Amino acid sequence: MSTADTGTYWIVLMVTGMTLLLIIAVIGSVVLNQRNRIRHHQEKIDLILKGERRYHDLFHGVSDIVYVHTLAGEIVEVNQRGAGLLHSTVDQLRSRNIGEFLPGKYRTAYAEYLRRLNTSPDEARGILPFRSKEGGPLAILEFTSSPYHRASGEEATVRGIARDVTDHILLARSLRRMEQKTKGLLLTSELAQKKLSILSHSILQMQEEDRRRIGRELHDEVSQLLVAIGVNLDVVRGMLNSPNGQVKQRLDDTKQITENILERVRAVLKEFRSLDIEKKGLIPSLRAYIDEYSTRTGIDVRMAEDDLAEILRYDQKIVIYRVVQECLTNAARYSKATKIRILMQCQSDDLSLEVADDGVGFDVERQSQDVAGNHLGIVGMRERVNVINGKFSIESTIGRGTRVRASVPFDDGTINQPVGINDTFETD
């Protein structure tokens, strides 16, 4: 082999080696690039699978009901919570229509729900009851649904979330019914109280009429008879010429007894006589009674009054007068009081009365329960004040006197009618 041939051989050999090395490098690069693509693709698959697992856990793990249905109401997907509520599996619910689980009376509301989703892009909110089967337990769901439009050519769906509010709705309904019953009972009680007040007011009027009638009868009959007896006794005494002084003395004693009876009858008449409060007014009538009372009993009575008391109704004035009269009568009979103070003040809403004495006092609780005893007047005063929607209280300490308080409202007030509550949702 010549020198030229040898050089050519080595040149061909070197070119061939370099070509092989280049081919090997290209093949290695292609293999490495493919491996990287395979690895990246696997990572994407792993991420997708991981995302699907997270989505599955989130979709089926939440406490609320998550669902997807078509615009016609066919179930596309629902989570385990929704399937369990309807006592079915997820596979059993797919392709079934939501209307199958609604009580018949709510089909119209369901149709309106689908119509809104088909005609409006806005979300739909509401409450609907579901039953897993005929006669099964009722589940009331509060839902929020939103239409979701996919790419062109694909069917639109509705996605939403619902919450089981059965216990809340039933509890709220029970509370509304209880509130209605309570308001009804309260109204009945108020009406009964009003009727009782009217009846008591009528009774008081009858009592006042009886006082007037008894007073007239005592004045017209008993007083005149006693006066006639006294006149006859004077005549008989003058006609007696007998020296027997005992008969004359007996007649004198009889005449004295008659005069005492007449004086007592006149005192009773002053209490039973018709009150002329409408003409004279409450304050002048009380002043006149207090002056006569102090003169008769010797008890020091002082009154601080408020002229606004004259704006009270006639029946309210009668009650104030009778309470003062009863307090003074009890003080004279039982308390051994030497001083009585009467305070009358008008506030913005009512008139307050206070009658206090410095007498011996008594056990209020025991005497208030003694309706058959001497303190029946306490019950009477309380009932009179209650009839005109007033307030009454009495305080007494043995050895430290008695204090009676009463307040009378200027207005009767009105009974408010309860506002009816309509059940907005039926569960039957």
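Computed from a prediction, not measured in an experiment: that's the story for all the values here.
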Indicate the atoms forming the closest heavy-atom contact of [X] with [Y], along with that distance.
X: Ala331; Y: Ile340; value: CB-CD1, 3.6 Å
X: Pro147; Y: Pro121; value: CD-O, 3.8 Å
X: Leu102; Y: Phe130; value: CD2-CE2, 3.8 Å
X: Gln316; Y: Pro409; value: NE2-O, 2.8 Å
X: Tyr293; Y: Ala332; value: OH-CB, 3.3 Å
X: Phe410; Y: Leu308; value: CE2-O, 4.3 Å

Partner residues of [X] under the side chain to side chain donor-acceptor pair (under 3.5 Å) criterion, sequence neighbours left out:
X: Arg405; answer: Glu354, Glu395
X: Glu100; answer: Arg96
X: Thr397; answer: none
X: Ser396; answer: Thr402

Seminar exercise, completed: Contacts of Arg107 meeting salt bridge (charged side-chain N to carboxylate O under 4.0 Å, His left out) (sequence neighbours excluded), chain-then-number -> none

Seminar exercise, completed: For Asp122, the salt bridge (charged side-chain N to carboxylate O under 4.0 Å, His left out) test, sequence neighbours excluded, returns none

With [X], which residues qualify under side-chain contact (heavy atoms from CB on, under 4.5 Å), at least two apart?
X: Ala124; answer: Tyr113, Arg116, Leu117
X: Glu310; answer: Leu282, Ile283, Pro284, Lys317
X: Asn33; answer: Arg37
X: Asp350; answer: Gln347, Ser407

Problem set entry | Step-by-step side chain to side chain contact (heavy atoms under 4.5 Å, CB included) determination, Leu312 to Leu351 | CA-CA 9 Å; Leu312 293 172; Leu351 176 137; 4.2 Å; yes

For this session: Can you tell me which residue pairs pass the salt bridge (charged side-chain N to carboxylate O under 4.0 Å, His left out) test with a partner in residues 335-347, sequence neighbours excluded?
Result: Asp300-Arg341

Problem set entry | Test side chain to side chain contact (heavy atoms under 4.5 Å, CB included) applied to Leu171 and His168, step by step | CA-CA 5 Å; Leu171 178 60; His168 175 74; 5.8 Å; no

Exercise. Val323 and Val385: side chain to side chain contact (heavy atoms under 4.5 Å, CB included), yes or no, with the steps?
Worked result: CA-CA 8 Å; Val323 169; Val385 174; 4.1 Å; yes

Would you call [X] and [Y] a side-chain contact if the rule is heavy atoms closer than 4.5 Å?
X: Ile388; Y: Asp315; answer: yes
X: Arg163; Y: Ile65; answer: no
X: Val68; Y: Val158; answer: no
X: Phe362; Y: Ser335; answer: no
X: Ile127; Y: Ile140; answer: yes
X: Ile320; Y: Met344; answer: yes
X: Tyr321; Y: Leu286; answer: yes
X: Asp64; Y: Asn79; answer: no

Could you tell me whether [X] and [Y] make a salt bridge, using a distance below 4.0 angstrom between a side-chain N and a carboxylate O?
X: Glu179; Y: Arg177; value: no
X: Glu292; Y: Arg296; value: yes
X: Glu142; Y: Arg125; value: no

When rounded to the nearest 0.5 angstrom, what is the spacing between [atom1] in [X] and [atom2] in [Y]?
X: Ile299; Y: Asp357; atom1: CD1; atom2: CG; value: 8.5 Å
X: Arg115; Y: Thr119; atom1: CZ; atom2: OG1; value: 4.5 Å
X: Tyr334; Y: Asn330; atom1: OH; atom2: CG; value: 6.0 Å
X: Ile169; Y: Ser174; atom1: CD1; atom2: OG; value: 11.0 Å
X: Thr157; Y: Leu71; atom1: OG1; atom2: CG; value: 7.5 Å
X: Asn386; Y: Phe392; atom1: CG; atom2: CZ; value: 9.0 Å

Is there a donor-acceptor pair closer than 3.5 Å between any side-chain N or O of [X] and the backbone N or O of [Y]?
X: Ser88; Y: Gln92; value: no
X: Ser189; Y: Leu185; value: no
X: Thr188; Y: Leu186; value: no
X: Tyr67; Y: Arg159; value: no

For this session: For Thr166 and Asp164, test the side chains for any donor-to-acceptor distance below 3.5 angstrom and give the result as yes or no.
Result: yes

For this session: Evaluate whether atom CZ of Arg94 has more than 12 neighbouring non-hydrogen atoms of other residues, nucleotides or ligands under 6.0 angstrom away.
Result: yes

Exercise. Is there a side chain to side chain contact (heavy atoms under 4.5 Å, CB included) between Ile342 and Leu353 once you walk through the steps?
Worked result: CA-CA 7 Å; Ile342 303 172; Leu353 172 71; 3.9 Å; yes

